[in-house]
Each structure stands twice: as C-alpha cells, then as structure tokens.
Amino acid sequence: MTEKKVRVRFAPSPTGPLHIGGVRTALYNYLFAKKQGGDFLLRIEDTDQNRFVQGAEEYIMESLKWCGIQWDEGPGRDGPHAPYRQSERKDLYRQYAMQLIESGNAYYAFDTAEELEEMRKRIEAEKGNAQYDATTRGSMKNSLTLNKVETVAMLESGAPYVVRFKMPENEEVVMQDIVRGTVKVNTSQLDDKVLFKSDGMPTYHLANVVDDYLMEISHVIRGEEWLPSLPLHVLLYRSLGWESNVPQFAHLPLLLKPDGNGKLSKRDGDRLGFPVFPLMWNDPKSGEISSGYRESGYFADAFVNMLALLGWNPGTDQELFSMVELVNAFSLERVGKSGSKFDPAKAKWFNHQYLLKRDNKDVAVLFDLILKDRGVYEPIEKVTRIVSLVKDRVNFVHEIWEQSAFFFNAPESYDEKTVQKKWKEDTPDILNQVTDVLKNLEPFTVEGIDKALHDYMEQHEVGAGKLMIALRLSLVGAGMGPDLKEIMVLLGKEEVITRIEKAIRVIS
RNA sequence: GGCCCGUUCGUCUAGGGGUUAGGACGCAAGGUUUUCAUCCUUGUAGCAGGGGUUCGAAUCCCCUACGGGCUACCA
C-alpha cells in the first residue's frame, strides 16, 4: 500500500435537510481524517437539477458547522481542487465519458423512456431479470447495435442520448471493505448503468469516481446503501486506467428507526416526537417545518457524542467524549456491521451529562435568554445560583424554567395532593409562629434559617415533615424543588413572609 | 422476484474457541433527602433457529428464518 496522504470527503446531495444518518457519515469521515492527520473535504453533489432544493446546501453547511465539523476544502474554502460543487465542474465529466466510449468500456444509447419500459415489461413477463445488460443491450438502440454511420447520424441529428457503462460479462469482482471485509459480486448480476445523462450532466456514479480521483481521495466512507454499486465504481476506476488510485472503501451501517425496523426517516421523527435533523428545517415547497436538535435544546457536543457512539465504540467503557477525544479514539475497525436503532431516551441522557458538566455560569447565560423571553429580568449572579440548584434535575436548559419558575413568580395555586396530606388543622398557627421567628431573623442566611427552624421545631415539638412541607407548599406551591433554605435566601425575607401569609389565607 | 449486507439483554454495545456472557440507557426495588429530582446500591433482561467442525462453540463452517439495502437518464 502506498503511503498517500489521507483525504476523505463528505458528498451530500442538496435535495433537502441533512438527516442525522448523514451527519454521522460526515462525522466519521471527519474523525477518521483528523485522526490520520488528513484532509476532510465537502463536495456538493448537485448533478440532479430536478431534485435541487433551495436552501439545502446552506443547511448542510450550517449543520456541519454547528457540529464542529470543519471542512478543509469545499464550498467557501477553496483548495487546489476547486470548485467543489459538481454543477460547477460540469464540463469535466464529458471528456471521461468520451474516454470510456473510445476505450470500448461505454457506449451511446438512444432508447426512449417508452422503449426502456417496453423492454422491462417484456423481460418481466418472461420472469427474467429486467435490466439493461449483456443479455438485452443487443436488442436495444445503441452504438453497439447501430453501425458507425448510423450512430454518427443520430448524434448529429441532435437526438437525445445517454452514455452507458458496458458491464463486462461474467467476471467475479472481489473487493475489500474496511468494515465488511471481502465482498464478491459477479458482473453478470450488474447492469449497464447510465454514466452520463441526456441533460449533459453525469450521474452520481461517474461524477463521484471522477471527482474522487481528481481530488485524490484516499478513503471513501459512506452509507451502506452504496455497497451494491461498489463493483461498478471499482470497475470504473479500472476502465479509466486509475487502478493504482482506487481508494479504500468503508460502508457504514444504517441508522434505524426506534420502533420496528427500517431506515430512520423524516416521518419517524414527527411520529415519535424527536428530531431527525440537526437543525430546524422549513421546507420551501411544502412550508412544512421539521424540528432540529439545536432548536430542541441539545448541546452540539452532546449531539455529536451521542451520534458518534451509534455504530462505533471505543472498546472501553468510556461514553463521554469531547470532539478531540473522539478524534483520538476513532478507528474504522471499531465500526460495527449492523444497523443501529436510534434511542431518543439515551440522547436525552447524553444532554443531561453535558448539562451537568457545563459551568453554572455558562448555563445561566443561556437560561437568562429564556428568562428575558418570559419578561423576567434578574441579576446574572442570582440566575447562576438558581441554575446551580436545579440543573441536575433537568435534561435541557429550557426545562430549568419548569423547575425554577417559583423563584420568579409566587405560586398561584397549591398542589392538591400535598395540601390534603400535609396541611393540617394546626398548620396556620405553626406557620404564623414561624413567620414571627423569621421576621426577627438576622442575618437571613441558610445557616441562620436552618438553626432558627430547628430550634423552633424542637421547642414546639413539631416534626420536620410537618413544618418543612407546609413551608415548601407556601413558597413553591408544590412538594418539589431544591433545598428549602436556599429557596428562602434567594427569595428574600419579605417575599418569604408574604408568600407564607398568602398561603395561610388561600389554603385555609 | 434477483443481487448484496446483517442478526449478543427492550435499546446502544463489549466479547472473535474454555467468561458466573461485561458495561451503558431504560425499567424496578432499596438507601440518602424535610419534598420532588439528582445521587448511591441492588435487581431485571440477551447469544434468531437447526445442523455440523471440535474434548469444548456467542465465537469457525453450512442451511433456514427474520430484518435491511440496492435493483431510475436519484443521490
């Protein structure tokens, strides 16, 4: 094996938003490249003009950036092989198609859609394998069945044509795949794929091989759905005389839907209530909006971490990885062979872990944005303190609100069940007495409150369960929340007393 | 239909001839906590089936089943 520089590419088609399976493919390419000290390129495969979707390319780039996957070459980052959009490389491909025709590895085909359909119907009626291949190409309208004069006449008349690969007959193609090992296919199973379309654009098969060669790609890491066309690609390299430049291949297992079987799709996200896209997507045609991980409150690093472990594992018990750690630990050899079902519950767990790891101050800045949206303006020091008290109870920053709203707004109602269980006949009296104690308490600190409350309970022989829960009910409105003394200090003496008095009025 | 790929707890996975089949998520129970949650402890649950090979298969081979992918002038 020659020691070429590692160069990999992520080559999406701008036909819509990037699905998390695509993000994972990009991630594995990136991790592999960085681990090997190589380059990661982004190439836009927009050879199908009919499927072009406005905004999709920008979406793809923004998604990669959000994930921290920076490309070394690609749109917006020109390198020695620019341009990186296939539509801008259009003129390149024709010459290779012509080269294949001249070397006898490809041919012109003039069949109309109707003629192709007719052929398929005919073969299917005979229970044969309906494809354009060695068994059928001889009965179709192409430069193999037409003589030279007729072919030239067709071309000169401006008749639409495609260029098809002339698949060799009955040849065993043996290929090596890094994740799957040896894969063998007999060419008699393969058809004469269209390489060059009548609209003047190459198909994926030609374009990807030509570009991978020209861009000096060393490893092709892509989804498993491409495995069936691997022999075609290998044969293409050979036919173009690039045998010594065939990249190594790695076909990644698919991401499956959480319930049942099958490839994860956009519909599943809508149905099961979790995003399948990294970023929110607003479809320009249908106006349909699909949710994204970013907008749902996921941290980019948690999202990347979760995705990295879906199909790859380090062989150790470590589950939490920064991008740098992923780069260091990654290898294609440890990529699994079978598809992975996406687990929304585990995704939340990852975000929880990252939320716990974040500095309270950083989380407070994010939470403060949510507070301002709700019209709540508090000093960041106070917000930070609140975050420190409740962040281990939630998975997302936005959930902090549900756990901390009582800090900002006095309870409007009191949890029915807790009232019934803990609010007794003598509760108002006890609370009134405690209010007096608190009024005179100086300074109003966690330690001070703790001592005062315990002294009271001891002197009056009142149980903690009775007093504390009644107090909590008054301040929070429910039997939940962080340490009561902390809540009291943050609320301040006056607010505490006001809330207790209100509770006595309302509940009794 | 044809071709290709796959199959270890519900899920993500370790394990690649001799293991009490390990970890994580989830779930359950207990503990801690004045409450809820966190946290800690314990538990729950798996080698798709059948044949070989072998002294011995989760592990190697074959078959079957099941699942998936591809089978466009889409990528």
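It should be emphasised that the depicted structure is a prediction, and the values quoted were computed from it without experimental measurement. Letters go in sequence order (proteins before strands), and every chain restarts at 1.
Straight-line distance from the CZ atom of A:Phe342 to the P atom of B:C12: 12 Å, rounded to whole Å. Atom NZ of A:Lys90 is separated from atom P of B:C73 by 19 Å (rounded to the nearest Å). Between A:Lys348 atom NZ and B:C12 atom P there is a gap of 18 Å when expressed in whole angstrom units. Residue A:Asp177 contributes atom CG, which lies 13 Å from atom C1' of B:G6 at whole-angstrom precision. Rounded to whole angstrom, the span from the NZ atom of A:Lys346 across to the P atom of B:A24 amounts to 9 Å. Between the C1' atom of B:U11 and the NZ atom of A:Lys257 lies a distance of 16 Å, rounded to the nearest Å. Between A:Arg43 atom CZ and B:A75 atom P there is a gap of 13 Å when expressed in whole angstrom units.
Phosphate proximity of B:A75 to A:Lys197: present, with a side-chain N or O under 4.0 Å from OP1 or OP2.
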Got a list of side-chain donor-acceptor pairs under 3.5 Å for residues 14-27 of chain A, not counting sequence neighbours?
unit_1: A:His19; atom_1: ND1; unit_2: A:Gly21; atom_2: N; d: 2.8
unit_1: A:His19; atom_1: NE2; unit_2: A:Leu264; atom_2: O; d: 2.8
unit_1: A:Arg24; atom_1: NH1; unit_2: A:Leu310; atom_2: O; d: 2.6
unit_1: A:Arg24; atom_1: NH2; unit_2: A:Pro253; atom_2: O; d: 2.3
unit_1: A:Thr25; atom_1: OG1; unit_2: A:Gly21; atom_2: O; d: 3.1

Listed pairs under 3.5 Å, donor-acceptor, residues 227-237 of chain A side chains, sequence neighbours left out:
unit_1: A:Ser229; atom_1: OG; unit_2: A:Trp226; atom_2: O; d: 3.1
unit_1: A:His233; atom_1: ND1; unit_2: A:Arg222; atom_2: NH2; d: 2.9

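Going from the P atom of B:A75 to that of B:G15 covers 38 Å, rounded to whole Å. B:G46 and B:G22 have their P atoms separated by 12 Å, given to the nearest Å. Rounded to a whole angstrom, the distance from the P atom of B:C47 to that of B:U8 is 10 Å.
Place A:Gly339 and A:Ser13 on RNA chain B by their nearest nucleotides, and A:Gly339 ends up nearer the 5' end. The residue among A:Asn313 and A:Arg180 whose nearest nucleotide of RNA chain B is located toward the 5' end is A:Arg180.
A donor-acceptor contact under 3.5 Å is formed by the side chain of A:Arg51 with the base of B:C74. Between the side chain of A:Asn129 and the base of B:G1 there is at least one donor-acceptor pair of N/O atoms closer than 3.5 Å.
Within residues 449-462 of chain A, no residue has a heavy atom under 4.0 Å from RNA chain B.
Among B:A72, B:U34, B:G68, the nucleotide with an atom closest to any side-chain atom of A:Leu254 is B:G68. With distances taken from any side-chain atom of A:Leu116 to the nucleotides B:C73, B:G15, B:A75, the minimum falls on B:C73.
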